[in-house]
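Okay, structure first, notes after.
When a residue number appears, it is its place in the shown sequence, counting from 1. Only a predicted model underlies this, so the values are computations on that prediction, with no experimental measurement involved.
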Amino acid sequence: AGVKKVGARDLSRSVSLLFASVDEASAALDAIRVKELVFNQRIGGALRVSAIRGRSDRTLEARIRGRVLGALWRALAPTVAKPPADAQVRGSLGTNGGTGTIFIKTDEEAFELFQVRLGTKRVDGSYPVDVVPVLENLAGIGIDAATAGAITKEVEEGETKT
């Protein structure tokens with residue numbers, strides 16, 4: 001009851017369920033954790049019985065934020081790997097999915113480069129994405145405002161197509 005869609009990939013390993021609502025998903029997850037549920041599968045003439053374990057997946061918001069952070073990473077990685085001669089900050093990239101930030105970390109500190117903000121959920125179920133550059137910190141790694149704007153535009157436009 002409440003299962004909207006079942007997706008399967010190699011049934012011996014995983015099955016995913018998409019529920020119509022968060023409440024139904026939570027109730028099902030609670031039931032899976034409390035009860036001993038099994039999945040029966042006939043392979044050839046033998047019956048294979050597998051325990052059903054449940055775990056919740058990332059939220060839609062977390063998935064969107066992760067895709068945008070990944071796109072930012074791909075855009076910034078070449079500059080961070082081979083910084084221009086005038087770069088004042090050198091280090092490695094890092095992300096924080098919870099806060100929606102991508103940063104460069106040195107031995108001493110971290111400098112936020114972009115922040116990913118999601119707007120209010122639209123009627124069609126999508127979310128507007130706002131990518132906010134931290135220009136002062138981007139300048140420190142050799143990225144000027146025009147380049148930061150181009151990265152922001154490319155990432156935001158790419159996200160609206162997914």
Residues at least two apart in sequence or cross-chain that pass salt bridge (charged side-chain N to carboxylate O under 4.0 Å, His left out) with Arg63, listed by chain then number, are Asp57

Across all chains, not counting sequence neighbours, the side-chain contact (heavy atoms from CB on, under 4.5 Å) partners of Ala62 are Arg58, Thr59

Point to revise | Donor-acceptor contact present, side-chain Asn137 to main-chain Phe111, <3.5 Å | key: no

So, for [X] and [Y], which heavy atoms are closest and what is the spacing to 0.1 Å?
{"X": "Ala148", "Y": "Ile143", "result": "N-CG2, 3.8 Å"}
{"X": "Glu112", "Y": "Phe103", "result": "CA-CB, 3.8 Å"}
{"X": "Arg65", "Y": "Gly98", "result": "NH1-O, 4.4 Å"}
{"X": "Leu69", "Y": "Gly97", "result": "CD1-CA, 3.9 Å"}
{"X": "Leu72", "Y": "Phe114", "result": "CD1-CB, 3.7 Å"}

**OP:** Answer with yes or no whether the hydrophobic clustering places Val134 together with Val131; edges join I, L, V, M, F, W, Y residues whose side-chain heavy atoms lie under 4.5 Å apart.
**Re:** no

Decide yes or no on side chain to side chain contact (heavy atoms under 4.5 Å, CB included) for Val116 and Ile102, but give the supporting numbers first.
-> CA-CA 8 Å; Val116 177; Ile102 187 164; over 6 Å; no

When rounded to the nearest 0.5 Å, the distance separating NZ of Lys121 from CD1 of Ile64 is 9.0 Å

Atom pair OH/CD of Tyr127 and Glu61 - distance to nearest 0.5 Å =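 Those atoms lie 3.5 Å apart.
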
- [ ] Quick one: list whatever passes side chain to side chain donor-acceptor pair (under 3.5 Å) with Thr147, sequence neighbours left out.
- [x]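 For Thr147 the side chain to side chain donor-acceptor pair (under 3.5 Å) partners, ignoring immediate neighbours, are Asp144.
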
For this session: Return the set of residues passing side chain to side chain donor-acceptor pair (under 3.5 Å) with Gln115 (not counting sequence neighbours), or none when no residue passes.
Result: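 So Gln115 forms a side chain to side chain donor-acceptor pair (under 3.5 Å) with Arg117.
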
Please table the atom pairs, donor to acceptor, closer than 3.5 Å between any side-chain atom in residues 74-90 and protein atoms at least two apart or in another chain.
| unit_1 | atom_1 | unit_2 | atom_2 | d |
| --- | --- | --- | --- | --- |
| Arg74 | NH1 | Gly70 | O | 3.2 |
| Arg90 | NH2 | Pro84 | O | 3.4 |

Next item on the list: Not counting sequence neighbours, list each pair that qualifies as a side-chain hydrogen bond (donor to acceptor under 3.5 Å, both in side chains) and has a residue in residues 100-111.
Entry: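 Counting only pairs at least two positions apart or across chains, the side-chain hydrogen bond (donor to acceptor under 3.5 Å, both in side chains) contacts touching residues 100-111 are Thr99-Thr101.
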
